[in-house]
Amino acid sequence: PKFIPGAVDRSQFDAQLRDPRVMAAFAGRMASEVGSQGPAAQLAFAEEVMNRAASRNQTIVQALTGSYYPTHHPGRSNDPRYTEAITKAWKEGTDTTFGATGNASGNVGFGVRGGQYDSNRQWVSPNQTVRINGERFGYEQVDLNKGWLKKYQQLKSGGQV
């Protein structure tokens, strides 16, 4: 894909993210996935969850639960660091992950086989877009198969999908 600057329109989630229960669940999942990895990873996580929800026509809660994660329940948190990262990704449309729809650590990939260690002995998977601290972000293959990159470009250009 072309990595062009600009904000991602996430206004489709306005009503959901105004619900304190949804925000607490989002923050809870963030705490368990990237909570200790700092503000940049937290922002990236918020972006990729919203991107995955947009790609799969899911609600935020659907994107936070189900088989994508090791546990079904996202937990709850009211930590202001997490809600700040979620709000920034949502309202400012940040795009530090270049449209990533997934996060991974270790040698886990993005739904496609392969990968290798780079010159810094860091694992790199196919479809990976960035590494932020200990977490990798990239396109889940299922989302690419469903046309995510086209939808992502529309959201980047300000067009609702």
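Keep in mind it's a predicted model, so treat the numbers as computed, not measured.
In this model, no donor atom of one side chain and acceptor atom of the other lie less than 3.5 Å apart for S77 and D79. N57 and K146 share no donor-acceptor pair across their side chains, judged by distance under 3.5 Å alone. If you check the side chains of S125 and R136, you find a donor sitting under 3.5 Å from an acceptor. A donor and an acceptor atom, one from each side chain of N145 and Y139, are nowhere located under 3.5 Å apart. Side chains of T101 and E140: a donor-acceptor N/O pair is absent below 3.5 angstrom, by distance only. In the model, Q141 has a side-chain atom that pairs as donor or acceptor with a side-chain atom of N127 under 3.5 Å. Side-chain contact check for Q122 and R131: at least one donor-acceptor pair (N or O, by modelled atom type) lies under 3.5 Å.
Summarising the geometry of T96 relative to V130, their closest heavy-atom pair is O-CG1, 3.8 Å, with the distance given to 0.1 Å. The two residues A41 and F137 have their closest heavy-atom pair at O-CZ, 3.9 Å. Nearest heavy atoms, A25 versus P74: O-CB, 3.6 Å. The two residues T59 and A53 make their nearest non-hydrogen contact at O-CB, 4.0 Å.
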Test side chain to side chain contact (heavy atoms under 4.5 Å, CB included) on V49 and Y68; report intermediate values, then the result.
CA-CA 11 Å; V49 168; Y68 186 81; over 6 Å; no

Run the side chain to side chain contact (heavy atoms under 4.5 Å, CB included) check on D14 and R18 step by step: do they pass?
CA-CA 6 Å; D14 287 356; R18 285 189 191 108; 3.6 Å; yes

Please test M50 against I60 for side chain to side chain contact (heavy atoms under 4.5 Å, CB included), starting from the C-alpha separation and ending with a verdict.
CA-CA 7 Å; M50 287 184 251; I60 294 294; 3.7 Å; yes

Please step through side chain to side chain contact (heavy atoms under 4.5 Å, CB included) for the pair L155 and W148, ending with a clear verdict.
CA-CA 10 Å; L155 291 170; W148 167 242; 4.1 Å; yes

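Between the side chain of Q37 and the backbone N or O of E135, at least one donor-acceptor pair lies under 3.5 Å. Using a distance-only test at 3.5 Å, with no hydrogens or angles considered, no donor-acceptor pair links the side chain of T87 to the main chain of E84. Formation of a donor-acceptor pair under 3.5 Å by the H72 side chain with backbone atoms of T65 is not found in this model. Panel note: side chain E48, backbone G99; no donor-acceptor pair is recorded below 3.5 Å. In this structure a side-chain-to-backbone donor-acceptor pair under 3.5 Å is missing from R76 to A24. Side-chain atoms of T129 come within 3.5 Å of backbone atoms of T97 as a donor-acceptor pair (strictly under, hydrogens ignored).
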Quiz: residues 108-115 side-chain donor-acceptor pairs under 3.5 angstrom, not counting sequence neighbours:
none

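E92 places none of its side-chain heavy atoms less than 4.5 Å from the side chain of V8. Residues L43 and K88 form a side-chain contact, since some pair of their non-hydrogen atoms from C-beta on lies under 4.5 Å apart. Between V142 and R56, the closest side-chain pair of non-hydrogen atoms falls below 4.5 Å.
How far CD of Q16 is from CH2 of W90: 10.0 Å, rounded to the nearest 0.5 Å. Note: L64 CG to Y69 OH = 5.5 Å, rounded to the nearest 0.5 Å. Remark: R52 CZ to Q62 CD distance equals 11.5 Å, nearest 0.5 Å. Here the CZ atom belonging to F45 is positioned 6.0 Å from the CZ atom belonging to F26, to the nearest 0.5 angstrom. Residue I86 holds its CD1 atom at 4.0 Å from CE of M30, rounded to the nearest 0.5 Å. T94 OG1 to E47 CD: the interatomic distance, rounded to the nearest 0.5 Å, is 3.5 Å.
With Y152 as the fixed residue, the side-chain hydrogen bond (donor to acceptor under 3.5 Å, both in side chains) test singles out one of D143, D95, N51: D95.
Within a 6.0 Å radius of CG in N78, other residues, nucleotides and ligands contribute 12 heavy atoms or fewer.
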